[in-house]
Amino acid sequence: MTTTLYRATYLHTPSSPFTDAAALHAQDDGGLLVEGGVIRAVGGYADLCAAYPDVPVADLRGGLLLPGFIDTHVHFPQVRVIGGLGLPLLDWLDQCALPEEARMADAAYARGVARDFVGGLVQAGTTTALVFGSHFAGAVDELFTEAARVGLRCVSGLVVSDRLLRGELHTTPQRAYDEGRALIERWHGVGRSLYAVTPRFSLSASEGVLDACGALMQEFGDVRFTSHINENTREVEVVRGLFPEARDYLDTYERAGLVGRRSVLAHNVWPTDRELGAMAEHRCTAAHCPCSNSALGSGFFPLRRHLDAGVHVSLGSDVGGGTGFSLLKEGLQAHFMQNLMGEAGVALSPAHLLYLATLAGAQALGLEGQTGSFEVGKQFDAVYLSSAPGTPLDAVFRHASSPERALAAAFATGTPADVARVWIGGDEVHTRTARQMA
Ligand SMILES: O=c1[nH]c(=O)c2nc[nH]c2[nH]1
Ligand SMILES: [Zn+2]
């Protein structure tokens, strides 16, 4: 079993800065002892070095070591259509996303997209992702296969819909159940893969399809659930018309038994107070996707209302409505948007951004015992940020007055080009090449 002592400036949030003012832990010259991919000891480098004098040291000074990022909302089939700027949600789906999603019927095409997608995630420092899969079971197999090859912690599933998309993307309740069941049996709990039951959104999923999803959730108690909610005002209006008996958008999922502790609902830009109260009671998560909300003009995420209601919030890139895989960029955009909301916004510190990009995601997925922070017993899932000499971020890293200042700069200006190395369960899954640094 390999044992390594990592020497680095590291930061992590073992608790939430929204409830704990001392949540951010930083070590200027820190040590992490990793044995067989698991963190065995943490602290100052000098102490760990004295306690474990024979263990080989990996010297990561000069940059920042953070827990691997956790993206709780990202679409596998959309990596090649990033950048469809300027359209509202339903037009963007129609013109940009869905034509590409229809191409995923071809497993060979899906295999190439899976390589682009998983590569994009790990190169951005993402070590765990809740992934909207494909409408085609064969493409979902390609995604899980590629994620397993690379070593990504991948929570994903078959996307199901039976109306209002393109015909070739539609299924039936029975097929949604049968294909979902087969995929769960093939992938759930295998290696680092977990299954998420995934109706696209209530606009495109009839009660029958939602009930089929509910049946899978009942039968397989620990699979996750994900979908979209309250993203765009026009979408909310259409859903209201499609479900006249439902109290609101959330209720369309509640009635099918889909909302609970391991449910992640993306966006929630336009929630009612009833929905926020119910989400807090269910202990489900809202995945905030600020770049997507900006690019599609969906609106400003009411973070203050979520926090006041007690709703758990995590972060998602929402590629391809979002503009790329970097959770550093999502953190910065979240910060910008809250600033622009004035009194209604929440002042997000670097500690908040780090928490949202790491532990908050682990908690959303019920994986906080394994990942999201550098605590003893957790997996060594980590991202090492180190900039090319001469870049502004390198200048900050070399001259920052504290690790917190360096962390703020990483969110302000960091990109995937600054991601030098990435580990998942102690396995190095990405090592930047000279070309990727340029
Ligand atoms: O941002 C989004 N991206 C999508 O692909 C999608 N599908 C339904 N609702 C959606 N929202
Ligand atoms: Zn989405």
Side-chain angles (χ1 to χ4, degrees), residues 71-104 113 117 121 129-136 139-140 143 155-166 169-171 196-206 209-210 213 224-239 242 249-250 252-253 263-271 285-299 301 314-325 327 330 333 361 364:
D71 188 338
T72 56
H73 187 69
V74 58
H75 292 256
F76 155 46
Q78 296 178 8
V79 58
R80 294 182 181 178
V81 293
I82 291 172
L85 302 173
L87 294 170
L89 173 66
L90 299 180
D91 297 330
W92 175 81
L93 282 173
D94 205 40
Q95 295 172 39
C96 294
L98 300 184
E100 173 73 355
E101 299 215 14
R103 289 183 200 112
M104 305 295 279
V113 175
F117 177 77
L121 284 171
L130 174 58
V131 179
F132 244 74
S134 164
H135 290 272
F136 301 98
V140 178
L143 170 66
V155 187
S156 189
L158 182 72
V159 180
V160 291
S161 288
D162 62 348
R163 64 180 173 202
L164 296 176
L165 304 179
R166 304 157 66 96
L169 300 180
H170 293 164
T171 187
V197 171
T198 312
R200 187 165 197 126
F201 57 164
S202 291
L203 187 146
S204 69
S206 70
V209 158
L210 295 176
C213 291
R224 282 36 171 193
F225 171 79
T226 193
S227 194
H228 296 94
I229 192 166
N230 291 322
E231 178 176 2
N232 165 290
T233 49
R234 172 83 190 119
E235 168 213 15
V236 175
E237 205 179 285
V238 175
V239 168
L242 289 166
Y249 204 144
L250 183 71
T252 64
Y253 299 130
S263 305
V264 178
L265 292 164
H267 300 300
N268 213 30
V269 174
W270 302 102
T285 294
H288 173 33
C289 307
C291 288
S292 168
N293 293 166
S294 305
L296 301 178
S298 302
F301 179 70
S314 60
L315 213 52
S317 67
D318 198 24
V319 158
T323 59
F325 290 109
L327 287 197
E330 294 302 332
Q333 189 67 15

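Note that ligands are numbered from 1 as they come in the structure, with each ligand's atoms numbered from 1 the same way. Hydrogens, waters and symmetry mates play no part in the numbers below; they use all other heavy atoms, side chains included.
The shortest heavy-atom distance from Phe132 to ligand 1 is not under 4.0 Å. Distances shorter than 4.0 angstrom occur between a heavy atom of His267 and an atom of ligand 1.
Looking only at distances, no side-chain donor or acceptor of Glu235 sits under 3.5 Å from a matching main-chain atom of Leu90. Put simply, the side chain of Asp318 never gets that close to the backbone of Gly321: no donor and acceptor are under 3.5 Å apart. Thr198 places no side-chain N or O within donor-acceptor distance of the main-chain N or O of Phe132, the cut-off being under 3.5 Å. In this structure a side-chain-to-backbone donor-acceptor pair under 3.5 Å is missing from His135 to Ala102. Side-chain N or O atoms of Tyr253 include one that pairs as donor or acceptor with a backbone N or O of Ser202 at under 3.5 Å. Within the 3.5 Å criterion, the main-chain N or O of Val197 finds no donor-acceptor partner in the side chain of Arg224.
Ring-plane geometry between Phe301 and His288 is classed as parallel, the angle between the planes falling under 30 degrees on a 0 to 90 degree scale with a further cut at 60.
Rounded to 10°, the angle formed at the Zn ion (ligand 2) by NE2 of His75 and OD1 of Asp318 is 90°. Angle NE2(His228) to the Zn ion (ligand 2) to NE2(His73): 90° [nearest 10 degrees].
Each of the following atoms of ligand 1 lies closer than 4.0 Å to a heavy atom of Asp318: 1 (O), 2 (C). For ligand 1 and Leu93, the ligand atoms under 4.0 Å from any heavy atom of the residue are 4 (C), 5 (O), 6 (C), 7 (N), 8 (C). Close contacts of ligand 1 with His75, meaning ligand atoms under 4.0 Å from a residue heavy atom, involve 3 (N), 4 (C), 5 (O).
If you look at Leu203 next to ligand 1, there are no close heavy atoms at all, none under 4.0 Å.
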- Message: side chain to side chain contact (heavy atoms under 4.5 Å, CB included) for His73 and Ser292? Distances and angles first, verdict last.
- Response: CA-CA 11 Å; His73 187 69; Ser292 168; over 6 Å; no

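In terms of N/O distances under 3.5 Å, ligand 1 is approached by Arg200. The shortest N/O to N/O separation between Glu235 and ligand 1 does not fall below 3.5 Å.
Counting protein heavy atoms only, atom 2 (C) of ligand 1 is closest to Glu231 OE1, 3.4 Å.
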